[in-house]
Amino acid sequence: MRCAVLGDPIAHSLSPVLHRAGYAAVGLDWTYDAVRVASGGLGDLLATTDGTWRGLSLTMPLKREAMPLADEVSARAALVGAANTLLLVDGQVRADNTDLPGAAAAVRERYDGPVRSASILGAGATAASTGLALCDLGATTVTLLARAPERARETVDAIARHPSAPTVHVGSLDDVPTGDVLVSTVPAAAQTDALVARCAEVPVVFEVLYDPWPTPLAASVHADGRVLVGGLDLLVHQAAVQFEIFTGLAAPLAVMRAAGEAVLAERRPA
């Protein structure tokens with residue numbers, strides 16, 4: 001069977017490393033590749049798949065584009081308004097979102113304290129899924145700090161759909177983050193010294209990036225001794241849920257994590 005991760009850019013993706021390691025560990029002779037698909041190209045790609053294809057992982061900019069292309073949409077994908085997982089079965093496309101459970105599991109792996117309020121840097125599809133995950137963990141107030149606050153409406157609406165009916169605020173990246181947890185979904189290049197300094201009072205920081213690593217924000221959290229949830233944590237946990245959706249087998253989480261850690265170590269400058 002064939003699987004792949006789609007997006008643009010995609011060459012940096014660790015997903016092939018994680019999934020291939022998982023397949024080898026459980027004895028599956030499956031393939032998993034990285035395929036560059038630009039915005040607007042997902043429909044054409046899906047039209048080329050046949051019965052040898054089983055699953056697709058989606059990253060930027062395809063997560064929201066996938067929704068109207070699916071024959072079935074899971075409850076959590078509908079809640080987020082975006083899909084990062086497409087299961088291909090009997091000519092049908094089933095959309096799901098494993099970022100949501102993956103984010104919750106990543107936070108709980110590193111931090112077992114209360115999550116009452118949170119701030120998120122950014123307002124895209126990943127901000128929506130991580131915001132909803134924090135609501136699952138107890139957050140009743142979520143503040144989105146966006147480069148373009150006027151473009152945050154889709155993410156605000158997604159988080160507000162959570163059954164707990166959280167309060168969602170929108171500000172700019174110039175505002176000071178508050179709360180029990182801070183999530184960063186912005187590029188490392190946007191993490192200026194001033195932005196990092198404004199984040200210094202939040203005790204738990206969830207940096208969703210894993211490459212480059214550490215980002216300026218992650219490095220500051222490590223230096224301060226605060227709790228750091230990393231992008232590899234998120235990637236591994238969401239990939240484990242994907243693995244189980246694609247294969248029907250329990251994911252070898254430790255094997256997948258070790259494979260990802262090894263490749264990241266090779267990529268870092270000496």
Side-chain angles (χ1 to χ4, degrees), residues 1-7 10 13-28 30-34 53-60 62-64 66-67 70 72-89 92-111 115 124-137 158-159 162-163 183 185 206-210 229-261:
M1 301 298 292
R2 303 171 65 188
C3 299
V5 58
L6 315 179
I10 201 63
S13 177
L14 277 184
S15 291
V17 173
L18 302 187
H19 284 265
R20 289 170 185 169
Y23 299 158
V26 300
L28 286 179
W30 287 24
T31 63
Y32 188 109
D33 298 307
W53 284 89
R54 179 66 172 181
L56 300 172
S57 308
L58 306 179
T59 186
M60 291 176 56
L62 305 175
K63 293 182 180 182
R64 286 177 171 152
M67 295 294 282
E72 297 179 19
V73 176
S74 73
R76 58 193 176 200
L79 187 63
V80 177
N84 76 327
T85 305
L86 298 180
L87 178 66
L88 311 179
V89 179
Q92 299 287 296
V93 178
R94 302 174 184 174
D96 204 343
N97 189 301
T98 68
D99 283 333
L100 202 166
V107 171
R108 279 299 176 229
E109 182 180 20
R110 305 292 180 186
Y111 171 70
V115 179
T126 302
S129 59
T130 52
L132 286 162
L134 293 173
C135 291
D136 280 350
L137 297 178
I159 298 173
H162 191 273
V183 179
T185 71
F206 186 174
E207 168 60 88
V208 305
L209 299 180
Y210 60 84
V229 183
L232 184 60
D233 297 327
L234 171 61
L235 185 68
V236 169
H237 281 287
Q238 69 81 22
V241 181
Q242 278 185 343
F243 181 97
E244 293 172 4
I245 291 171
F246 293 164
T247 69
L249 301 174
L253 187 69
V255 170
M256 295 168 72
R257 182 192 296 276
E261 289 174 341

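All figures in this text were calculated on a predicted structure; none of them were measured in a lab.
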So, do [X] and [Y] sit near enough that their side-chain heavy atoms are less than 4.5 Å apart?
| X | Y | answer |
| --- | --- | --- |
| Arg76 | Pro101 | yes |
| Thr126 | Met60 | no |
| Leu88 | Val93 | yes |
| Val236 | Leu253 | yes |
| Met1 | Thr247 | no |
| Asp99 | Lys63 | yes |
| Arg94 | Leu86 | no |
| Arg20 | Asp33 | yes |

Side-chain ([X]) to main-chain ([Y]) donor-acceptor, under 3.5 angstrom:
| X | Y | answer |
| --- | --- | --- |
| Glu244 | Ala250 | no |
| Gln92 | Leu87 | no |
| Ser13 | Ile10 | no |
| Asn84 | Thr98 | yes |
| Arg2 | Thr31 | no |

Tell me every residue that passes ring pair (Phe, Tyr, Trp, His ring centres under 6.0 Å) with Tyr111, counting only those two or more places apart in sequence or in another chain.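 Checked Tyr111 against ring pair (Phe, Tyr, Trp, His ring centres under 6.0 Å); zero matches.
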For Tyr210, ring pair (Phe, Tyr, Trp, His ring centres under 6.0 Å) partners two or more places apart: none
For [X] and [Y], which heavy atoms make the closest approach, and how far apart are they?
| X | Y | answer |
| --- | --- | --- |
| Trp53 | Ala4 | CZ3-CB, 3.8 Å |
| Ser15 | Leu235 | OG-CD1, 3.9 Å |
| Ala105 | His237 | CB-ND1, 3.6 Å |
| Tyr23 | Cys3 | OH-SG, 3.5 Å |
| Ile159 | Cys135 | CG2-SG, 4.1 Å |
| Pro252 | Ala25 | CG-CB, 3.9 Å |

Does Arg108 have any side chain to side chain donor-acceptor pair (under 3.5 Å) partners at least two apart in sequence or in another chain, and if so, which?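 Arg108 satisfies side chain to side chain donor-acceptor pair (under 3.5 Å) with no other residue.
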Separation of [Y] [atom2] from [X] [atom1] (nearest 0.5 Å):
| X | Y | atom1 | atom2 | value |
| --- | --- | --- | --- | --- |
| Leu14 | Arg257 | CG | CZ | 12.5 Å |
| Asp233 | Gln238 | CG | CD | 12.0 Å |
| Met256 | Gln242 | CE | CD | 8.5 Å |
| Met67 | Leu62 | CE | CG | 13.5 Å |

Indicate whether any N or O donor in one side chain lies under 3.5 Å from an N or O acceptor in the other, for [X] and [Y].
| X | Y | value |
| --- | --- | --- |
| Tyr32 | Ser57 | yes |
| Asn97 | Ser74 | no |
| Thr85 | Asp96 | no |

Can Leu234 and Val229 be said to form a side chain to side chain contact (heavy atoms under 4.5 Å, CB included), step by step? CA-CA 8 Å; Leu234 171 61; Val229 183; over 6 Å; no
Output, in order, the C-alpha distance, side-chain angles, deciding distance and verdict of side chain to side chain contact (heavy atoms under 4.5 Å, CB included) for Val5 and His19. CA-CA 10 Å; Val5 58; His19 284 265; over 6 Å; no
